[in-house]
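To start, the structure under review is shown below, and the notes come after it.
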Amino acid sequence: MKAYGALVWANTMMLLRARDALFWTFAFPIVFMVLIGTAFGQNPSFSAHIGIEGQGMARQALISALHHVPGMQVSLMTSGLAALKSGQIALLVESSRRHLTLVTANAPTSQTALSVVQGVITTMNLEALHAPIMFHTTIRQIHVHGTSYIDFLAPGILGMTLMNTGLFSGTSLITYRSQGILRRIRGTPLPTSTFIAARMTTQMIMALAQAFLILSVAEMLYHFKPAGHLSAMIPFLILGELAFMTVGFLIAGVANTMELATALTNIISLPMMFLAGVFYPVSQLPSFVRPLANVLPLRFLTSGLRGVVVHGTSLSHLGSDLMALALTGLLAGDLAVKFLRWETPYV
């Protein structure tokens, strides 16, 4: 037990002293989440630039009405069609006496601006008729937890980070093996199981630290509020990290060089990063890809983390995700033991 504790401490200190490892372990996932969350996670109010050409009494009335619509910028133009084609304006209104012609482009902003302007014109016509108001409407907005993009993204980034740290944990074994450290450890009274257990424990500590850091930053910057108790996330952190760590150990046993290990790790991690529901739901993938995406280990990890953290789902309803991660760890761990080599083979 004393040797186990000493190894865990030594592994942790080595990681903390490696600045490049610290960046990729802690800083990179945060920077990645902030960049994507800022780009796609906000819900800005709609704004559009409307160009108006021509004369007529309807022109001034429309300008006055649009000035009361938030986000609408109105400009008088003489070459509005060119401005619309170049993207300077979202919608062109051609005014001639009492007639208005609305010219749109095929851009989403143009279609939204068209709906807004049509609503304004309808209101102007009703007011001109002095028709009595039949219905008064009140808009009330409620917050539904788990519907914002950051609610979806934060658990996905956490799952991706656990995958990467687990897979790349095997590269340290290649370094130890090439430097003869594994051979010397095997010649000591230290049991192999103690060495492996200490290595895994260090990764678990890093996984818990990553989870705390990622969710804390999401809460501070984007007001992310977990729906479930965070203690329910621990089984997924442990099984997820174990599953990818054993795959990393398997890669270390199969690969003779660091270059080959890095290539194999990327071959495994990159498809999962984009197919396993990290940045967007698996349901949005093409139908012929979904069967593959649904059996990827990272998909079970991100699905389980979202269920616990975002939706507050109990672990009893996420048993299939836990079992899939455990099965991945058992199969990869069994193969890793068979392929584990203590010395670099010489060709």
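In what follows, residues are counted from 1 in the order of the sequence shown.
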Checklist entry - If you look at every heavy atom in A113 and L91, which pair is closest and at what distance? => result O-CD2, 4.0 Å

Checklist entry - How far apart are the C-alpha atoms of L158 and L237, what are their side-chain angles, what is the distance that settles it, and do they pass the side chain to side chain contact (heavy atoms under 4.5 Å, CB included) test? => result CA-CA 9 Å; L158 176 56; L237 296 179; 4.2 Å; yes

Checklist entry - Which ILVMFWY residues can you reach from V103 by hopping between side chains whose heavy atoms are under 4.5 Å apart? => result M77, L81, L84, I89, L92

Next on the checklist: When you compare the side chain of F152 with that of P281, does any pair of heavy atoms fall below 4.5 Å?
Outcome noted: yes

Checklist entry - Would a 4.5 Å heavy-atom cut-off, applied to side chains only, mark L242 and M204 as touching? => result yes

Checklist entry - Would you say E53's side chain and S79's backbone share a donor-acceptor pair under 3.5 angstrom? => result yes

Item to check | pair R290-S287: side-chain heavy atoms closer than 4.5 Å | outcome: yes

Checklist entry - Are M163 and I205 connected in a single hydrophobic cluster, I mean Ile/Leu/Val/Met/Phe/Trp/Tyr linked by side-chain heavy atoms less than 4.5 Å apart? => result yes

Item to check | Value rounded to 0.5 Å, distance of CE in M220 from CG in L215 | outcome: 11.0 Å

Checklist entry - Does a side-chain heavy-atom distance below 4.5 Å link L76 with I63? => result yes

Checklist entry - Would you say the side-chain atoms of T313 and H311 include a donor-acceptor pair closer than 3.5 Å? => result no

Next on the checklist: Could you tell me if the side chain of Y149 sits less than 4.5 Å from the side chain of Y222, heavy atoms only?
Outcome noted: no

Checklist entry - Counting N and O atoms only, with roles assigned by atom type, does the side chain of H49 sit under 3.5 Å from a partner on the main chain of Q88, one being a donor and the other an acceptor? => result yes

Item to check | Residue pair N256 / I174, side-chain heavy-atom distance below 4.5 Å | outcome: no

Item to check | Same apolar cluster (I L V M F W Y, side chains within < 4.5 Å links), F300/L292 | outcome: yes

Item to check | Closest non-hydrogen atom pair, S169 against M245 | outcome: OG-CG, 3.3 Å

Checklist entry - Backbone N or O of N106 within a donor-acceptor pair of the S110 side chain at under 3.5 Å? => result no

Checklist entry - Out of curiosity, does L264 fall in the hydrophobic cluster containing L270 (side-chain heavy atoms, cut-off under 4.5 Å, transitive links)? => result yes

Item to check | Single-linkage hydrophobic cluster F236~L230, side-chain heavy atoms < 4.5 angstrom | outcome: yes

Checklist outcome for this item: Closest non-hydrogen atoms of P271 and I268, given as atom of the first, atom of the second and distance, are CD-O, 3.7 Å

Item to check | Test item: R199 side-chain N/O and T194 main-chain N/O as donor-acceptor pair under 3.5 Å | outcome: no

Next on the checklist: Please give me the minimum heavy-atom distance between N266 and F168, naming the atom from each residue.
Outcome noted: OD1-CZ, 4.0 Å

Next on the checklist: With a sphere of 6.0 Å drawn around CE of M258, does it hold more than 12 non-hydrogen atoms of other residues, nucleotides or ligands?
Outcome noted: yes

Checklist entry - Is there a donor in the side chain of S314 and an acceptor in the side chain of H317, or the other way round, less than 3.5 Å apart? => result yes

Item to check | Same apolar cluster: L162 and L327, side chain cutoff 4.5 Å | outcome: no

Checklist entry - When you measure from the side chain of S95 to the backbone N and O of Q55, does any donor-acceptor pair fall under 3.5 Å? => result yes

Next on the checklist: Check whether Y280 reaches the backbone of F274 with its side chain - one donor and one acceptor, N or O, closer than 3.5 Å.
Outcome noted: yes

Checklist entry - How long is the gap from CG on L213 to CE on M206, to the nearest 0.5 Å? => result 11.5 Å

Item to check | Any V337 side-chain heavy atom under 4.5 Å of F249 side chain | outcome: no

Checklist entry - For T123 and V120, what are the C-alpha separation, side-chain angles and deciding distance, and is it a side chain to side chain contact (heavy atoms under 4.5 Å, CB included)? => result CA-CA 5 Å; T123 302; V120 170; 5.7 Å; no

Checklist entry - Atom CG in N164, atom CD in Q210: separation rounded to 0.5 Å? => result 9.0 Å

Checklist outcome for this item: Between P155 and R306, the two heavy atoms sitting closest are CB-CG, 3.6 Å

Checklist entry - Taking the side chain as C-beta and beyond, is there a heavy-atom pair between D334 and L330 under 4.5 Å? => result no

Checklist outcome for this item: One should read off an interatomic distance between L305 CG and I214 CD1, to the nearest 0.5 angstrom, of 10.0 Å

Checklist outcome for this item: Value for CG (L250) from CG (L331), rounded to nearest 0.5 Å, stands at 10.5 Å

Checklist entry - So, the side chain of E241 versus the backbone of L208: is there a donor-acceptor pair under 3.5 Å, distance only? => result no

Next on the checklist: So, taking the atom named CG in L325 and the one named CG in L318, what distance separates them when rounded to the nearest 0.5 Å?
Outcome noted: 10.5 Å

Checklist entry - Do any N or O atoms from the side chain of T302 and from the backbone of A276 form a donor-acceptor pair under 3.5 angstrom? => result yes

Next on the checklist: Using the rule given for side chain to side chain contact (heavy atoms under 4.5 Å, CB included), can you reason through L298 versus F244, listing the C-alpha separation, both sets of side-chain angles and the distance that settles it, and then say yes or no?
Outcome noted: CA-CA 9 Å; L298 183 57; F244 290 111; 4.0 Å; yes

Checklist entry - Is a donor on one side and an acceptor on the other found under 3.5 Å between the side chain of T257 and the backbone of L260? => result yes

Checklist entry - Any idea which heavy atoms bring L167 and S269 closest together, and the distance? => result CD1-CB, 3.7 Å

